[in-house]
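Working notes, structure below.
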Amino acid sequence: MDHIKWMEKALQIAHENVLSGHGGPFGAVIVKDGHIVATGCNEVTTNHDPTAHAEVQAIRAACKQLNHFQLTDCDLYTSCEPCPMCIGAIYWSRPRAVYYACTKEEAAAIGFDDHFIYQQLAIPMNQRSIQMVQIDTSGRSLAFDAWRVSQQRISY
């Protein structure tokens, strides 16, 4: 495996993204069988989408390209250690491995600090800075019940 080659591509995407003024300094590459399946760059401010991180963009593009919701036998190369949201997307997409260049501490030093999210996840829901309240309605489990008995469901 040519880890340096793929990491350099992710870093190039990140650098070009900054130079173009389209978003933050993050890039990602997804590789399968020695070929790039998809790339992604941070487009949070360009797309007005807080979920448009490089890893998520690459995962979306790769899944579309592979026509599947999982990245079996794929490797993800990213210019920076993934944030909590991207870690969630990575685990849901199930690549074989993730390789990163810069650390979350290095990202924090330039203003991309996600430490507060890790802190929020560690405390009880009722003590988090964003209020999260369950609303119990009579029909709240209808979709779950339908899924449980569906013959068409695809588990993931």
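Here the structure is a predicted model, which is why all the values come from computation and not from measurement. Residue indices begin at 1 and follow the sequence shown.
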Taken to the nearest 0.5 Å, the spacing of Ile13 CD1 from Thr39 OG1 works out to 4.5 Å
Over 12 non-hydrogen atoms of neighbours within 6.0 angstrom of NE2 in His15: no
Are side-chain heavy atoms of Asp114 and Gln119 found at a separation under 4.5 Å? no
Same apolar cluster (I L V M F W Y, side chains within < 4.5 Å links), Met125/Val133: no
Note: Thr78 and Met7 closest approach over all heavy atoms is O-SD, 3.5 Å
Under 4.5 Å between side-chain heavy atoms, counting indirect links through other Ile/Leu/Val/Met/Phe/Trp/Tyr residues: same cluster for Val37 and Val29 or not? no
Judged by modelled atom types alone, do Glu8 and Gln12 share a side-chain donor-acceptor pair under 3.5 Å? no
Under a 3.5 Å distance rule, please check whether Arg153 uses its side chain to pair with a backbone N or O of Arg148 as donor and acceptor. yes
Return yes when atom CH2 of Trp147 has more than 12 non-hydrogen atoms of other residues, nucleotides or ligands closer than 6.0 Å, and no otherwise. yes
Same cluster for Leu66 and Ile36 if Ile/Leu/Val/Met/Phe/Trp/Tyr side chains link at under 4.5 Å? no
Min side-chain heavy-atom separation Val98-Pro82 under 4.5 Å: yes
Same apolar cluster: Ile59 and Met85, side chain cutoff 4.5 Å: no
Tightest non-hydrogen contact, residues Asn17 and Asn42, listed as ND2-O, 2.7 Å
Step through it carefully: locate the ring centre of Tyr100, locate the ring centre of Tyr77, and say whether they are under 6.0 Å apart. no
How long is the gap from CD1 on Ile117 to NE2 on His115, to the nearest 0.5 Å? 11.0 Å
Approximate separation, where rounding is to 0.5 Å, of Cys41 SG and His22 NE2: 8.5 Å
Check: Tyr99 and Trp6 side chains under 4.5 Å, non-hydrogen atoms: no
Does Tyr118 have Lys104 sitting over its ring (NZ/CZ under 6.0 Å from centre, angle to axis within 45°)? yes
May I ask you to test the Gln57-Asn47 pair for a side-chain heavy-atom distance under 4.5 Å? yes
For atom CD of Gln131, decide whether the heavy atoms of other residues, nucleotides or ligands shown that lie under 6.0 angstrom number more than 12. no
Going by atom types only, do Thr103 and Glu81 share a side-chain donor-acceptor pair under 3.5 Å? no
Report yes or no: do Arg60 and Thr51 form a side-chain donor-acceptor pair below 3.5 Å? yes
Is a side-chain N or O of Ser20 found less than 3.5 angstrom from the main chain of Glu16, in a donor-acceptor match? yes
Just wondering, do Cys74 and Lys32 contact through their side chains at under 4.5 Å, heavy atoms? yes
Heavy-atom nearest pair, Pro95 first then Ile90, reads CD-O, 3.0 Å
Can you check side chain to side chain contact (heavy atoms under 4.5 Å, CB included) on Arg140 and Gln134, steps first, answer last? CA-CA 10 Å; Arg140 72 181 172 96; Gln134 181 183 18; 3.4 Å; yes
Under 3.5 Å, side chain of Ser79 to main-chain N/O of Gly27, donor-acceptor pair present? yes
Shortest non-hydrogen contact from Ile123 toward Arg128: O-NE, 3.4 Å
Of the non-hydrogen atoms in Ala38 and Ala58, which two are nearest, and what is the gap between them? CB-O, 3.7 Å
State the CG-CG distance between Leu76 and Leu71, to the nearest 0.5 angstrom. 8.0 Å
Quick one: are Val44 and Asp49 in side-chain contact, heavy atoms under 4.5 Å? no
Considering only NZ, NE, NH1 and NH2 on the basic side and carboxylate oxygens on the acidic side, decide whether Arg96 and Asp75 come within less than 4.0 Å. yes
Are side-chain heavy atoms of Phe26 and Cys102 found at a separation under 4.5 Å? no
Would you give the length of the straight line joining atom SG of Cys80 to atom CZ of Phe112, rounded to the nearest 0.5 angstrom? 9.0 Å
Ignoring hydrogens, what is the shortest heavy-atom contact between Cys86 and Glu55? Give both atom names and the distance. SG-OE1, 3.3 Å
Can you hop from Trp92 to Ile154 via hydrophobic side chains spaced under 4.5 Å? yes
